[in-house]
2 protein chains.
Amino acid sequence: MSYSPAHKERTRRRILESARRFLKEQGLGGVSVDSLMAGAGLTRGGFYAHFSSKDELVAAALDDTVLLGFLQKHKSGGTPEPVHWTRAVLEEYLGPLHRDQPATGCPLAIHVGEITLAAPQARAVYTNLVKEVATELAGRLPRNAQKTSSEALAILALIVGGMALARGVNDTELSDAILAACREAISDL
Amino acid sequence: MSYSPAHKERTRRRILESARRFLKEQGLGGVSVDSLMAGAGLTRGGFYAHFSSKDELVAAALDDTVLLGFLQKHKSGGTPEPVHWTRAVLEEYLGPLHRDQPATGCPLAIHVGEITLAAPQARAVYTNLVKEVATELAGRLPRNAQKTSSEALAILALIVGGMALARGVNDTELSDAILAACREAISDL
DNA sequence: TGTACATCAGTGAACGCGCGTTCACTGATGTAC
DNA sequence: TGTACATCAGTGAACGCGCGTTCACTGATGTAC
């Protein structure tokens with residue numbers, strides 16, 4: 001034997017963490033294997049002991065949702081969370097803190113737009129994330145028959161679009177106004 | 001004299017048209033000077049007689065909004081358009097036809113996300129588009145003091161986010177559901 | 001417990017390729033006579 | 001009206017560079033004895 005399987009697994013995770021960070025900071029097309037391996041404290045050649053291609057890594061790195069984690073964070077508490085708590089999560093999501101920390105932010109918002117042109121594997125992962133988040137969100141809205149799942153999708157579009165717009169715009173005042181407008185729209189649920 | 005100034009202007013426009021198309025189809029980072037010049041019926045070297053760099057071209061090509069054109073299309077008619085007409089425009093914007101024709105679609109939706117990482121010139125153009133569209137939209141909503149401009153921003157976030165999500169997702173049914181959900185949210189204004 | 005060995009995660013030079021940009025050129029054009 | 005000329009939009013080969021991937025290697029590791 002050379003190294004333990006656990007050692008390899010740990011390295012793989014380090015590469016993935018580095019990739020998630022860099023991909024969010026510099027976009028799906030803007031990160032080189034070189035830089036992301038350096039970010040994990042390794043050199044380029046070693047990459048292919050863990051992933052068969054960059055496309056595979058990108059798909060693997062995408063599989064991580066901040067929003068989903070957020071929503072489920074307190075789920076194990078036992079009692080179902082009240083609707084206003086869900087609202088609070090959404091408003092935190094639409095906050096300037098999240099906007100200014102893309103490296104640890106929600107990939108749904110960061111990679112929207114880019115994902116359309118990404119490799120099929122990456123799109124498939126992204127699509128699943130959308131479904132999971134929409135389902136989780138729908139389960140936390142006030143129940144009005146099947147309207148709930150449609151509302152969840154609209155809310156997702158609003159928060160993802162609002163965050164992406166707020167990040168894209170080159171004007172802090174406008175960016176703040178966009179986030180505030182979306183928070184207000186959410187509170188009128 | 002060599003060619004007439006009008007000839008040069010026409011060529012410049014041809015390059016811009018080709019660029020807009022390719023940029024929308026393949027993203028801000030996915031288009032080569034080579035391919036976009038070929039799309040305009042020219043070869044790479046000629047590019048620099050019209051633009052000083054690719055960044056400059058991208059910024060120039062971004063300056064074009066389908067939504068703004070839509071909203072203003074009937075403005076010269078004289079009578080102010082009723083609110084329900086604006087709603088109809090927004091619902092057409094959120095339609096599958098628009099989704100499936102990105103090459104001629106609204107750059108606000110297509111380039112959201114990508115624009116965060118683009119060159120400063122491009123971000124500035126994009127920011128101005130957002131401001132223009134938001135203002136135009138606010139002027140067409142029912143007037144409730146200053147809430148109107150906030151509402152316009154939220155609507156913009158919703159339709160841009162909805163279109164981007166609908167395009168990003170790898171599942172036609174889900175994509176249709178997202179668009180329908182956003183249209184419904186709009187009709188509840 | 002100590003040593004010799006086989007494994008394979010990780011190294012770093014090298015590859016072929018496409019990119020943005022440069023540059024010496026060419027040839028269609030409008031002007032001067 | 002016809003011809004010689006100067007201009008410069010457009011050509012296409014060439015450049016330097018960074019990329020994803022390959023590959024011969026090395027050296028830290030766990031195992032067998």
Side-chain angles (χ1 to χ4, degrees), chain A residues 1-62 114 117-123, chain B residues 1-62 114 117-123:
Chain A
M1 283 281 186
S2 54
Y3 294 79
S4 69
H7 172 83
K8 187 171 183 186
E9 182 54 30
R10 251 178 289 133
T11 305
R12 188 189 145 97
R13 256 200 278 269
R14 238 167 58 227
I15 297 174
L16 271 172
E17 266 170 54
S18 170
R20 276 195 256 267
R21 226 184 103 128
F22 278 91
L23 287 170
K24 287 178 190 169
E25 276 173 0
Q26 309 182 38
L28 298 181
V31 180
S32 65
V33 171
D34 226 60
S35 66
L36 110 217
M37 286 299 277
L42 299 165
T43 56
R44 60 180 152 283
F47 177 77
Y48 295 89
H50 296 276
F51 300 94
S52 70
S53 72
K54 197 191 168 190
D55 276 353
E56 192 194 308
L57 167 84
V58 170
L62 263 181
E114 274 197 311
L117 305 161
Q121 319 168 50
R123 286 188 79 194
Chain B
M1 282 281 184
S2 53
Y3 294 78
S4 70
H7 172 82
K8 186 170 184 186
E9 181 56 29
R10 251 177 291 131
T11 305
R12 187 189 145 97
R13 257 199 278 269
R14 239 167 58 228
I15 297 174
L16 271 172
E17 266 170 53
S18 170
R20 276 195 256 265
R21 230 184 98 127
F22 278 90
L23 288 170
K24 287 177 190 170
E25 276 173 359
Q26 309 182 38
L28 297 180
V31 180
S32 65
V33 170
D34 226 57
S35 67
L36 110 217
M37 287 299 277
L42 299 165
T43 55
R44 57 177 158 286
F47 177 77
Y48 296 88
H50 297 276
F51 299 94
S52 70
S53 72
K54 198 192 168 191
D55 276 355
E56 192 194 307
L57 167 83
V58 170
L62 263 181
E114 276 197 309
L117 304 161
Q121 318 169 51
R123 287 189 80 193

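On a predicted model such as this, the values are computed, not experimentally measured, just so you know. Order of the sequence lines fixes the chain letters, A, B, ..., with proteins taken first and strands second; residue numbering starts at 1 for each chain.
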Student: Does dT1(D) have a Watson-Crick or wobble partner in any strand here, with both distances under 3.5 angstrom, and which is it?
Tutor: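 Its partner: none found.
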Student: Hey, could you give me the CD/OG distance between E9(A) and S4(A), rounded to the nearest 0.5 Å?
Tutor: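 So the gap between those two atoms works out to 10.5 Å.
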Student: Within a strict 4.5 Å, meaning less than it, do heavy atoms of the T43(B) and M37(B) side chains meet?
Tutor: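 The answer is no, as the side chains (C-beta and beyond) never meet within the 4.5 Å cut-off.
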Student: Determine, for R13(A) against E17(A), whether the closest basic-nitrogen to carboxylate-oxygen distance falls under 4.0 angstrom.
Tutor: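 Salt bridge: no.
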Student: Counting heavy atoms from C-beta on, name the nucleotide in dG10(D), dT21(D), dG20(C) closest to the side chain of T11(B).
Tutor: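 Given the options dG10(D), dT21(D), dG20(C), the side chain of T11(B) is closest to dG10(D).
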Student: Among the nucleotides dT21(C), dT21(D), dG10(C), which one has an atom lying closest to any side-chain atom of R44(B)?
Tutor: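 In terms of side-chain proximity for R44(B), the closest of dT21(C), dT21(D), dG10(C) is dT21(C).
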Student: S32(A) has a side chain; which of dG20(D), dT21(C), dA9(D) sits nearest to it?
Tutor: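 Shortest atom-to-atom distance from the side chain points to dG20(D).
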Student: Grab the NE2-C1' distance between H50(A) and dG10(C) for me, whole Å please.
Tutor: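 My rounded result for the distance is 8 Å.
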Student: What integer distance in Å separates L36(B):CG from dT21(C):P?
Tutor: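 Checked: the CG to P distance equals 11 Å.
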Student: Quick one: Q26(B) CD to dC19(C) C1', roughly how many Å, whole number?
Tutor: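 Rounded to the whole Å, the gap is 14 Å.
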Student: In whole Å, I'd like the distance from the NZ atom of K54(A) to the P atom of dG20(D).
Tutor: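 Atom NZ in K54(A) sits about 4 Å away from atom P in dG20(D).
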Student: Quick one: CZ on R12(A) to CG on L57(A), what's the gap to the nearest 0.5 Å?
Tutor: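 Here the rounded value is 8.5 Å.
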Student: Taking the nucleotide of DNA chain C with the closest heavy atom to each, which residue, L42(A) or V33(B), is nearer the 5' end?
Tutor: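 Nearest-nucleotide comparison on DNA chain C picks L42(A).
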Student: Give a yes/no answer on whether the side chain of H7(A) brings an N or O atom under 4.0 Å of OP1 or OP2 in dC8(C).
Tutor: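 False: H7(A) side-chain N/O out of range (4.0 Å or more) of dC8(C) OP1/OP2.
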Student: Can you tell me how far the CD atom of E114(A) sits from the CG atom of L28(B), to the nearest 0.5 Å?
Tutor: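 E114(A) CD to L28(B) CG: 9.5 Å, rounded to 0.5 Å.
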Student: Kindly indicate, with the supporting measurements, whether the criterion side-chain contact (heavy atoms from CB on, under 4.5 Å) is fulfilled by Y3(A) and T11(A).
Tutor: CA-CA 11 Å; Y3(A) 294 79; T11(A) 305; over 6 Å; no
Student: Could you encode protein contacts along nucleotides 24-33 of chain D as a string, one character per nucleotide from 5' to 3', using B for base contact, S for sugar-phosphate-only contact and - for no contact, with a heavy-atom cut-off of under 4.0 Å?
Tutor: ----SBBS--
Student: Drop me the distance from R123(B)'s CZ to L117(B)'s CG, to the nearest 0.5 angstrom.
Tutor: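 Reported value, rounded in 0.5 Å steps: 8.5 Å.
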Student: Answer yes or no: are there more than 12 heavy-atom neighbours, outside R21(A) itself, under 6.0 Å from its atom CZ?
Tutor: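 Counting other residues, nucleotides and ligands, CZ of R21(A) stays at 12 neighbours or fewer.
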Student: Which nucleotide in the set dA9(C), dA9(D), dT22(D) lies at the smallest distance from any side-chain heavy atom of Y48(A)?
Tutor: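 Selected nucleotide: dT22(D).
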Student: Just how far, in rounded Å, is P of dA9(D) from CZ of R14(B)?
Tutor: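 From R14(B) CZ to dA9(D) P: 14 Å.
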Student: In whole angstrom, what separates L28(B)'s CG from dC19(C)'s C1'?
Tutor: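 Roughly 16 Å, once rounded to whole Å.
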Student: Could you tell me which nucleotide pairs with dT11(D) by Watson-Crick or G-U wobble geometry, both distances under 3.5 Å, or answer none if nothing does?
Tutor: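 Answer to the pairing question: dA24(C), which forms a Watson-Crick or G-U pair with dT11(D).
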Student: Does dA6(C) pair with anything, Watson-Crick or G-U wobble, both distances under 3.5 Å, and if so, with which nucleotide?
Tutor: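 When the pairing criteria are applied, dT29(D) turns out to be the nucleotide that pairs with dA6(C).
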Student: Between P on dG20(C) and CZ on F47(B), what's the gap in Å once rounded to a whole number?
Tutor: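 Value for this atom pair: 9 Å.
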Student: Could you give the NZ-to-C1' distance, from K8(B) to dT7(D), as a whole number of Å?
Tutor: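 To the nearest whole Å, that distance equals 12 Å.
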Student: Is there a Watson-Crick or G-U wobble partner for dC19(C) with both distances under 3.5 Å, and if so, which one is it?
Tutor: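 Because both required distances fall under 3.5 Å, dC19(C) counts as paired with dG16(D).
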